[in-house]
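The structure appears right after this line, and notes come after that.
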Amino acid sequence: MARLAGVSIATASKAINNRDEVAAVTRARVLRAAAELSFRPNVLAQGLVAGRTRAIGLLTDELDGRFAIPILLGAENALSHEEMSVLLCDTRGDAIRRDHYLRTLLARQVDGFIIVGDSNDTHLSLSADIPVPAVYVHCRSTNPADLCLVSDDEGGTRLAVEHLIALHRKHIAHITGPQSYRTARDRATATRAVLHDHGLRLAGGQPLHGEWSQHWGRHAARLLVATTPEVDAIFCGNDQIASGAAQALVELGRRVPDDVAIVGYGNWEIFAADSKPPLTTVDLNLQQLGETAARHLLAALDGTTASGVLRQPCRLVIRESSA
């Protein structure tokens, strides 16, 4: 290529890599020669020269991929523009598997890590074991110096509850997951706060805590109708619970949304869009979360580090269960 362009190898390299030292006319001549020869830069060689492998390790504790896969897709979208790849490892919540994958990925000399939790809850910091930058996603690290990206549960809850209030619902109940989950506690607290702001109280007096499952949604909805028959709306902690609640209400002769409006959380298509009726729900914007994590990791690789917890806004997806 350098011979065809009539320049030295050093000049050709500078032109291909868009270095400032090369005149515009010379760069154009080199690029024409590269196109004629179908030349592509050796990304691996460039990475070795720069001390990088252009690979990122993504560690997830999640068992079913509900959160990890959209986050992975978002990260890949951002990293592919930099010709970088992602190596996905599922620890399945097991410390031995996690340590094995850490050693394996570090042996491959990955440039950094994206650590994905199975909830917005606390994750053990791995910073002491990782000599490269790391970003935590959908979890909060135990080390305040780490950068953690989570969905804004308070903001998402406000979107859901204020939507129901705008529909003139006065007796709004809340069915959610176990109290041991930060997400369940945060959404329950935020639900009460939003209702209080509008001069309303939680129907039934207390949030109903149980499993993140359709079975719990069905059971809790039956309990609500039996104890709080005036209930006219239910905000659910996830889409599985909302789907189960909708099934139970229909079986009990309550029309959704005419008699009882329902809003879920998560926008998991298999439950939200295919539910009967399709669920209004809060979308966590997981792909955007993954893209943001990748951008912060790239910035850290370039020397610009950040720390603390960053909350990403959610959005409300309106479907027939409330509209």
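- At distances below 3.5 Å, not a single donor-acceptor pair connects side-chain atoms of T228 with backbone N or O atoms of A203.
- Here L164 contributes atom CG and I262 contributes atom CD1; the two are 10.0 Å apart, rounded to the nearest 0.5 Å.
- Taking 4.0 Å as the cut-off between side-chain N and carboxylate O, D153 and R182 do not count as a salt-bridged pair.
- Going from atom CG of D146 over to atom SG of C139 covers 9.5 Å, rounded to the nearest 0.5 Å.
- Around the CD atom of E154, the shell of radius 6.0 Å holds no more than 12 heavy atoms that belong to other residues, nucleotides or ligands.
- Looking only at side-chain heavy atoms (C-beta outward), S141 and H123 stay at 4.5 Å or farther from each other.
- Residues L58 and V132 are members of separate hydrophobic clusters, defined by side-chain heavy-atom contacts under 4.5 angstrom among Ile, Leu, Val, Met, Phe, Trp and Tyr.
- Within the 4.5 Å cutoff, the side chain of L105 has heavy atoms near those of the L59 side chain.
- Heavy atoms of other residues, nucleotides or ligands lying less than 6.0 angstrom from CG of L252 number more than 12.
- Distance CD1/I56 to CG/L87: 9.0 Å, rounded to 0.5 Å.
- Donor-acceptor pairing under 3.5 Å is recorded for the side chains of H163 and S322.
- At a threshold of 4.5 Å between side-chain heavy atoms, the hydrophobic network of Ile, Leu, Val, Met, Phe, Trp and Tyr places L159 and L284 in one connected group.
- Looking only at distances, a side-chain donor or acceptor of S80 sits under 3.5 Å from a matching main-chain atom of N77.
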Mind running side chain to side chain contact (heavy atoms under 4.5 Å, CB included) on L316 and D283 for me, showing each step along the way?
CA-CA 6 Å; L316 186 68; D283 193 307; over 6 Å; no
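- T104 contributes atom OG1, which lies 10.5 Å from atom CZ of R97 (distance to the nearest 0.5 angstrom).
- In this structure, D152 contributes its side chain and G155 its backbone to a donor-acceptor pair below 3.5 Å.
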Run the side chain to side chain contact (heavy atoms under 4.5 Å, CB included) test on R98 and L126 for me, step by step, so that the C-alpha distance in whole Å, both residues' side-chain angles and the decisive distance to 0.1 Å come before the verdict.
CA-CA 10 Å; R98 181 197 65 212; L126 304 178; 3.9 Å; yes
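- Within the 3.5 Å criterion, the main-chain N or O of D239 finds no donor-acceptor partner in the side chain of S243.
- Checking side-chain atoms of D111 against main-chain N and O of R54 turns up a donor-acceptor pair under 3.5 Å.
- Counting only N and O atoms by type, the side chains of T281 and N267 include no donor and acceptor under 3.5 Å apart.
- Annotation: side chain of Q206 is in contact with side chain of R192 (closest heavy-atom distance under 4.5 Å).
- I234 and V282 fall into different hydrophobic clusters, where Ile, Leu, Val, Met, Phe, Trp and Tyr residues are linked whenever their side-chain heavy atoms come under 4.5 Å apart, directly or through other members.
- Each ring pair (Phe, Tyr, Trp, His ring centres under 6.0 Å) pair with one or both residues in residues 271-309, not counting sequence neighbours, appears once here: W268-F271.
- Here the CD1 atom belonging to I130 is positioned 5.0 Å from the CG atom belonging to L102, to the nearest 0.5 angstrom.
- Ion pairing between a basic and an acidic side chain is recognised when a charged N comes within 4.0 Å of a carboxylate O; E230 and R254 show no such pairing.
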Applying side chain to side chain contact (heavy atoms under 4.5 Å, CB included) to L88 and T60, what does each step give before you reach the verdict?
CA-CA 8 Å; L88 172 64; T60 175; 4.0 Å; yes
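- Listed for the W216 side chain is a donor-acceptor partner under 3.5 Å among the backbone atoms of T176.
- L301 and L106 are not part of a single hydrophobic cluster, where members link through side-chain heavy atoms under 4.5 Å apart.
- The aromatic rings of W212 and Y181 lie perpendicular to each other, with more than 60° between the two planes, well past the 30° mark.
- Environment of CD in E162: crowded, with over 12 heavy atoms of neighbouring residues, nucleotides or ligands closer than 6.0 Å.
- Taking R218 as the reference, nothing meets the salt bridge (Lys or Arg N to Asp or Glu O under 4.0 Å) condition, with sequence neighbours excluded.
- The distance from the OG atom of S85 to the CG atom of L79 is 8.5 Å, given to the nearest 0.5 Å.
- Side-chain atoms of L149 and V135, non-hydrogen and from C-beta on, do get closer than 4.5 Å to each other.
- Counted by atom type alone, Q240 and S213 present zero donor-acceptor pairs between their side chains at under 3.5 Å.
- A donor-acceptor contact shorter than 3.5 Å links the side chain of T142 to the backbone of S125.
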Before you tell me yes or no, could you show the steps for L147 and Y136 under side chain to side chain contact (heavy atoms under 4.5 Å, CB included), namely the whole-Å CA-CA distance, both residues' side-chain angles and the distance that decides it to 0.1 Å?
CA-CA 6 Å; L147 176 64; Y136 294 77; over 6 Å; no
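- For H196, the NE2 atom is loosely surrounded, since the number of other residues' heavy atoms within 6.0 Å does not exceed 12.
- Looking at P178 and H209, their side chains never come closer than 4.5 Å, going by heavy atoms from C-beta outward.
- The shortest distance between side-chain heavy atoms of R201 and L195 does not fall below 4.5 Å.
- We find that R169 and D232 are not joined by a salt bridge, their nearest charged nitrogen and carboxylate oxygen being 4.0 Å or further apart.
- Looking only at distances, no side-chain donor or acceptor of S321 sits under 3.5 Å from a matching main-chain atom of P277.
- In the hydrophobic clustering of ILVMFWY residues, with side-chain heavy atoms under 4.5 Å counting as a link, F67 and Y265 come out together.
- Using a distance-only test at 3.5 Å, with no hydrogens or angles considered, a donor-acceptor pair links the side chain of Q312 to the main chain of L289.
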